[in-house]
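In the text below, chain A, chain B and the rest are named by the order of the sequence lines, each starting its count at 1.
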Amino acid sequence: GGGNPHGPYLDDLLRTGRDLLRVVLGGTGGPPGSGGGGGGRPGAGFDKWLPVVIPLLLVVVWVYQSLYRVDTREESVELFFGKYYATGTEGLNFAPWPVVTYEKYPVIIENTIDIGKGSGIDQGLMLTGDENIVDIDFQVVWNVKRLDQFLFNIDRHRDTIRAVSESAMREVIARSDLATILTVNRESISQEVELLVQTTLDSYNSGINIVRLNFDKADPPQEVREAFLDVQAAEQDRDTAEKQAEAEANQKLAAARGEVARMLQEAEGYRAQVVNEAKGEAARFVAVYDEYALAPEVTRKRLYLETLERVMSDVDKIIIDENTSGGGQGVVPYLPLNELRRGGNN
Amino acid sequence: MRRLPIIVAVIAVIAFVALSSLFTVNEKQQALVLQFGEIKRTICGGNTGTERDYELAESCDVDGPGLYFKIPLIQEVAYYEDRILPLETDPLEVTPRDNRRLEVDAFARWRITDPVAFRQRAQSVQNADDRLQSILNAALRQVLGTVTSENVLSPERSVLMTRIRDIARRQAASLGVEVIDVRIRRADLPKENRDATFRRMIAERQREAADERARGNERALEVRATADRQAVEQVSDAQRQAEIIRGEADAERNKIFAEAFGRDEEFFAFYRSLRAYERSLRGSNSTLVISPDSEFFNYLKSDTAIPSQ
């Protein structure tokens, strides 16, 4: 121990440390606490190693700390004394601590923010250009395109994206009419909003990439939904009424056409019947006449007698001869017409 | 060996001094070097990965992140945020020029551009937040009070946002802060008006629905009436044609008869009369009271004929 008041104490410390190392490294060690004068000698070779081993160990630990992995979905940024100088990509990267520090982030992973699905103020009711209210739910999907800008230019990314997206959507809705929003292709509205959001985020140099913007819902608000549905129902009703009327009209016209056909057919039938009957009758007459022409007197007589025979045989007859002797002393005809008629009806 | 502890101690002291005279400012930070409270050096930040698009504040000595020196123990470093910070306002009721109240909220993005001024005027981000809120609210009221509510609900909205930003920017500059932009997020009707709007929307739809149905009925009537008319037209036309046909048939019949019977009119009279007698005098409805003078009874009383004339 020299002039140093701490000398003996420090010496002991160093000695114990050396002994411990020796034991750990498997060298031959003296009995613990046997230090003193004899302590150094058995481990003379070991002492030579110490200045080599310890620094080596430190280097190994340092290298281990300075290496880092970046996996497929990630990127890293390396800062040289705090100043950004490189982006690290997939695989093993080297960032000598403490000169170079790094930060990793999963840039490829798509993050989703839902807007409009909450309740109260957040429920996505938006005012349209013609002062109607529409209920919008939509999603913003984003990831990172420039990690350095993303990490170092903006704080609270999620809030920023959400606020910018909602503002953009409300802006686009506010310059459209309700009818257009409900009926026109939502694709064009979402593209407009997406462009606006991306432009705004780029103006902050945020390094954020909007992957896409989806509409979940663009509907009339709950309170008026029924009235809107009724309009659709009314359109259906109008359609139905028209179709029904057309069906009935067709039926009516078909019936009329049927009637027309029937009437014409009937008339034609009448014509055929009448003409044929006439032809028949005429032919019959002509036939008879031709016969008659061959022997007129005889035929005439024959026809007359045949006909009267048929007639007489069928009717009730009362033959009264007024030419009997006595002149008017014959029978006085008394014909009760009532009886006749009654008898006739039997 | 005896000198080892001294060496170690000396190394330790040197290391300590070295470490405490170095400091880094990273990309997310700006810094002020203070000596007993007095500002000695200003290290400002900037946008990463782009050209700086604004003028460095006058008080900035140097810009950019990196490694810097300071006098250990005597000087200390105060860090400030370099990134763009968000600010959202609470919903605010504004009254545009046409007195149709709107409930508006906005959000802004801002950055500390002058750490010196910031330290003096705002001190902390929280404090700055509060100050900026009231600046924003005032700017909103000012700009939106000069336009009609329709302008807010139109493509002019973005112009209004620029004006609000400019006003806010001027007033915030003294805080050492740049207002990067201000955007209107919501501009809606206050709750009371909302119900009125809903009622109006419902009424409009109801009118539309009634209109549709009426049009449907009207068209249906039209179609039916047209069909009725056409049906009647067709049937009556058919009637006409049928009558013509019947007339033609009758004429044809007469022609046939005339042609046939015309060969011998007298014989026709005879023959036809006989047929008529046969048909019309039937047992069921006829009783003949006749005298035997008829030619039929020619041979009834004697075997010689009474000449018929």
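Residue contact with chain B, scored on non-hydrogen atoms closer than 4.5 Å, is absent for A:Arg262. In this structure, chain B has a heavy atom under 4.5 Å from the side chain of A:Glu103, while its backbone stays farther away. Using a 4.5 Å cut-off between heavy atoms, A:Arg225 does not touch chain B at all. For A:Ala233, the parts sitting under 4.5 Å from any heavy atom of chain B are the backbone and the side chain alike. Only the side chain of A:Glu248 comes within contact range of chain B, with heavy atoms under 4.5 Å apart. Contacts of A:Met169 with chain B are absent, with no heavy-atom separation under 4.5 Å from either backbone or side chain. Heavy-atom distances place no part of A:Tyr85 under 4.5 Å from chain B, backbone and side chain included. Heavy-atom distances place the side chain of A:Tyr292, and not its backbone, under 4.5 Å from chain B. Only the side chain of A:Leu79 comes within less than 4.5 Å of a heavy atom of chain B; its backbone N, CA, C and O stay farther away. Residue A:Ser176 does not touch chain B at all, counting heavy-atom pairs closer than 4.5 Å. For A:Glu306, no part sits under 4.5 Å from any heavy atom of chain B, backbone or side chain. For A:Asp130, the part lying under 4.5 angstrom from a heavy atom of chain B is the backbone only. With a 4.5 angstrom heavy-atom cutoff, B:Arg157 touches chain A only via side-chain atoms. Neither the backbone nor the side chain of B:Phe23 comes within less than 4.5 Å of any heavy atom of chain A. Proximity to chain B (any heavy atom under 4.5 Å) is restricted, for A:Leu178, to the side chain, taken from C-beta onward. Using a 4.5 Å cut-off between heavy atoms, A:Glu259 contacts chain B through its side chain alone, with no backbone atom that close.
Contact tally against chain B (heavy-atom pairs below 4.5 Å) for A:Gln244, A:Glu235, A:Lys243: the top residue is A:Glu235. Between chain B and the options A:Glu266, A:Arg310, A:Met126, A:Gln273, the largest number of non-hydrogen pairs under 4.5 Å is found for A:Arg310. Ranked by heavy-atom pairs under 4.5 Å with chain B, the first of A:Thr101, A:Thr160, A:Leu305, A:Val99 is A:Thr160.
Checked against the 6.0 Å centroid threshold, B:Tyr271 and B:Phe261 do not count as a close aromatic pair.
Figure legend: cation-pi geometry between A:Arg300 and B:Phe267 absent, as NZ or CZ is not positioned both under 6.0 Å from the six-membered ring centre and within 45° of its axis.
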